[in-house]
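I have placed the structure first, in the form of structure tokens, so that the comments after it can refer back to it.
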Amino acid sequence: MKASDFLKTLEELEDNEQIETLIDRDKRRSPSPARNPKRLSSGDAQFVRAQDDSTRNFEFTYKAARFEEGWLLDSLGYFYEQHWISDVLRKIKAGKEASVYLCRAGEQVDAPLVAAKVYRPRMLRNLRKDHIYHEGRVVLDAEGHEVIDVHALQAVLNRTNFGEQVRHQSWIAYEYTTLQVLFDAGVKVPRPYENAQNAILMGYLGDETLAAPTLNNVSLDPGEARSLFDRLLTNIDLMLAQERVHGDLSAYNVLYWDGDIALIDFPQVVSPTGNRNAYAIFERDICCLCEYFIEQGLPLQPRRIAADLWRAHGYRLGPDIHPSLLDADDPKDRTAWNGG
Ligand SMILES: Nc1ncnc2c1ncn2[C@@H]1O[C@H](COP(=O)(O)OP(=O)(O)OP(=O)(O)O)[C@@H](O)[C@H]1O
Ligand SMILES: [Mg+2]
């Protein structure tokens, strides 16, 4: 796609505030900037260039907007080539960070349908306030291995354009590796099949016409509410045993299908021992989840539930500080080191 076409297409995607912001920003710089690719920032220009390299070797049923089509071909081309998918059928949902698409499975998959979570281009992503989650997390590459290249790590710290790419990749890798670990441990999550530079492929919950609703859209009778809540706690317990705190848990990130549940959306996952805020994050997860179940009629004490689960795994309730995270100049950290 030529840069000028790309920018025109951005204008077609009216529902996206960030795209509008991007175009506005460009308009402020030049009288007819949307026609002038020279005015793009280096990051934007790099993204536009990436559109020229897309793998355009498969056609799919889903009628994507022009720009979206290029992005899907880039993001899902590998899954198609490797026979993980044979078609893209429709968009299930556009989220803040990613859109999820229903795909027909390829020969590699033992199921008729799969879900592909395709992350938005970095410049169009509504970045979560993610700094709180990064503490205690190593940077991962696309294969889920720790990045040890000093230049890459420095770029991440300096937030250069390349560093932001590495960070974006790491964010996706956390989602995929977490799905793998949790699925193998028997936690109710969609089955992870494969990941690519910008997308993950997983089991789909729903049928051809209807994707599983998220729990916040479902009304339960008290009996079912109790049994689903207990099942969720069992899963959260299993997650803690795997040293994973979801970090954005609520009824919005639980799918409900065939009377059962599945947890989704893991890029921000944190370790119970590696992050100073882990307990606060965990408690917030439990409180958000309980909010829904209290509305469904269950009498719950979220803070107590959180504390009991946490303690059962031997994690400390106070900020659990790994020595490598201590700051010699911070009096609170000095007190903690001295056992205070
Ligand atoms: N495996 C799946 N099967 C069916 N539907 C799914 C699946 N995974 C995700 N979805 C749907 O896609 C939506 C977005 O997924 P997810 O929460 O992982 O992405 P997100 O970009 O973080 O979205 P949001 O900003 O809404 O939290 C979910 O709310 C759900 O409706
Ligand atoms: Mg979500």
Side-chain angles (χ1 to χ4, degrees), residues 13 15-19 62 68 71-72 75-76 79 84-85 88-105 109-130 132-133 168-180 182-183 187-196 198-218 232 235 239 244-270 281 284-285 288-289 291-292:
L13 292 168
D15 67 331
N16 189 308
E17 255 177 56
Q18 281 184 295
I19 295 173
Y62 170 61
E68 186 190 18
W71 187 245
L72 285 183
S75 305
L76 301 179
F79 296 153
W84 289 106
I85 62 171
V88 182
L89 300 176
R90 65 189 165 80
K91 183 164 11 188
I92 300 173
K93 196 172 165 224
K96 290 181 285 298
E97 292 193 313
S99 294
V100 177
Y101 296 86
L102 173 62
C103 301
R104 190 161 311 285
V109 181
D110 192 15
L113 300 167
V114 282
K117 180 168 178 174
V118 181
Y119 279 79
R120 287 164 178 268
R122 214 162 21 87
M123 67 201 230
L124 302 179
R125 258 202 319 149
N126 216 341
L127 281 174
R128 273 181 225 197
K129 290 201 179 66
D130 59 2
I132 196 172
Y133 303 109
H168 175 72
Q169 190 68 72
S170 180
W171 191 251
I172 298 171
Y174 266 97
E175 167 132 56
Y176 189 69
T177 51
T178 301
L179 277 177
Q180 286 179 310
L182 297 183
F183 185 81
V187 179
K188 295 252 180 196
V189 295
R191 180 190 194 124
Y193 287 114
E194 181 58 294
N195 73 334
N198 194 53
I200 61 175
L201 196 69
M202 62 184 144
Y204 166 72
L205 280 93
D207 59 30
E208 199 138 341
T209 50
L210 194 70
T214 46
L215 204 49
N216 59 296
N217 289 314
V218 179
L232 276 164
N235 280 277
M239 284 183 66
R244 301 295 194 286
V245 172
H246 187 290
D248 189 24
L249 190 59
S250 75
Y252 289 84
N253 278 330
V254 178
L255 297 180
Y256 175 79
W257 189 249
D258 265 350
D260 209 352
I261 43 101
L263 298 164
I264 56 164
D265 202 4
F266 293 98
Q268 67 290 315
V269 73
V270 296
I281 294 171
R284 188 189 58 193
D285 273 1
C288 290
L289 191 64
E291 204 174 293
Y292 165 81

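We count ligands from 1, going down the list as the structure has it; atoms in each ligand are counted the same way.
The ligand atoms of ligand 1 that sit less than 4.0 angstrom from a heavy atom of Y204 are 3 (N), 4 (C). Near A115, meaning under 4.0 Å from one of its heavy atoms, ligand 1 places the atoms 1 (N), 2 (C). Every atom of ligand 1 with a heavy atom of K117 under 4.0 Å away is listed here by number and element: 16 (P), 18 (O), 19 (O), 22 (O). Atoms of ligand 1 found under 4.0 Å from any heavy atom of P190 (numbered from 1 in listed order, with element): 1 (N). Against a heavy-atom cut-off of under 4.0 Å, K93 is close to the following atoms of ligand 1: 12 (O), 13 (C), 26 (O), 29 (O), 31 (O). Atoms of ligand 1 lying under 4.0 Å from any heavy atom of V100, numbered from 1 in the order shown and given with element: 9 (C), 10 (N), 12 (O), 14 (C), 15 (O).
Neither side chain, D265 nor H246, offers a donor N or O lying under 3.5 Å from an acceptor on the other.
When non-hydrogen atoms are compared, ligand 1 lies under 4.0 Å from the backbone of A98 as well as from its side chain. Only side-chain heavy atoms of I264 come within less than 4.0 Å of ligand 1; its backbone N, CA, C and O stay farther off. By the criterion of a heavy-atom distance under 4.0 Å, both the backbone and the side chain of K96 are placed next to ligand 1. Counting heavy atoms under 4.0 Å from ligand 1, residue D248 does not touch it at all.
Polar contact check, T214 against ligand 1: no nitrogen or oxygen pair lies under 3.5 Å apart. For ligand 1, the polar-atom distance check against L255 finds no nitrogen or oxygen pair separated by under 3.5 Å. Remark: ligand 1 and N253 share an N or O pair separated by less than 3.5 Å (distance only, no angle test).
Contact check for I264 versus P190: side-chain heavy atoms found under the 4.5 Å cut-off. You'll find the side chain of F79 stays beyond 4.5 Å of the side chain of V114, heavy atoms only.
Classified by interplanar angle (parallel below 30°, tilted 30° to 60°, perpendicular above 60°), the ring pair H168/Y119 is perpendicular.
Between the R284 side chain and the L249 main chain, no donor and acceptor come within less than 3.5 Å of each other. Between the side chain of N253 and the backbone N or O of D248, at least one donor-acceptor pair lies under 3.5 Å. At least one donor-acceptor pair under 3.5 Å links the side chain of Y292 to the backbone N or O of L215. No side-chain donor-acceptor contact under 3.5 Å links Y101 to the backbone of L89. A distance-only check finds no donor-acceptor pair linking the side chain of N198 to the backbone of S75 [under 3.5 Å].
Electrostatic pairing of E208 and R90 does not count as a salt bridge here, judged by no charged N lying under 4.0 Å from a carboxylate O.
Of the listed options S250, A212, G203, S99, G203 places a heavy atom closest to atom 1 (N) of ligand 1.
Here the Mg ion (ligand 2) is the vertex; the OD2 atom in D265 and the OD1 atom in N253 give an angle of 90° (to 10°).
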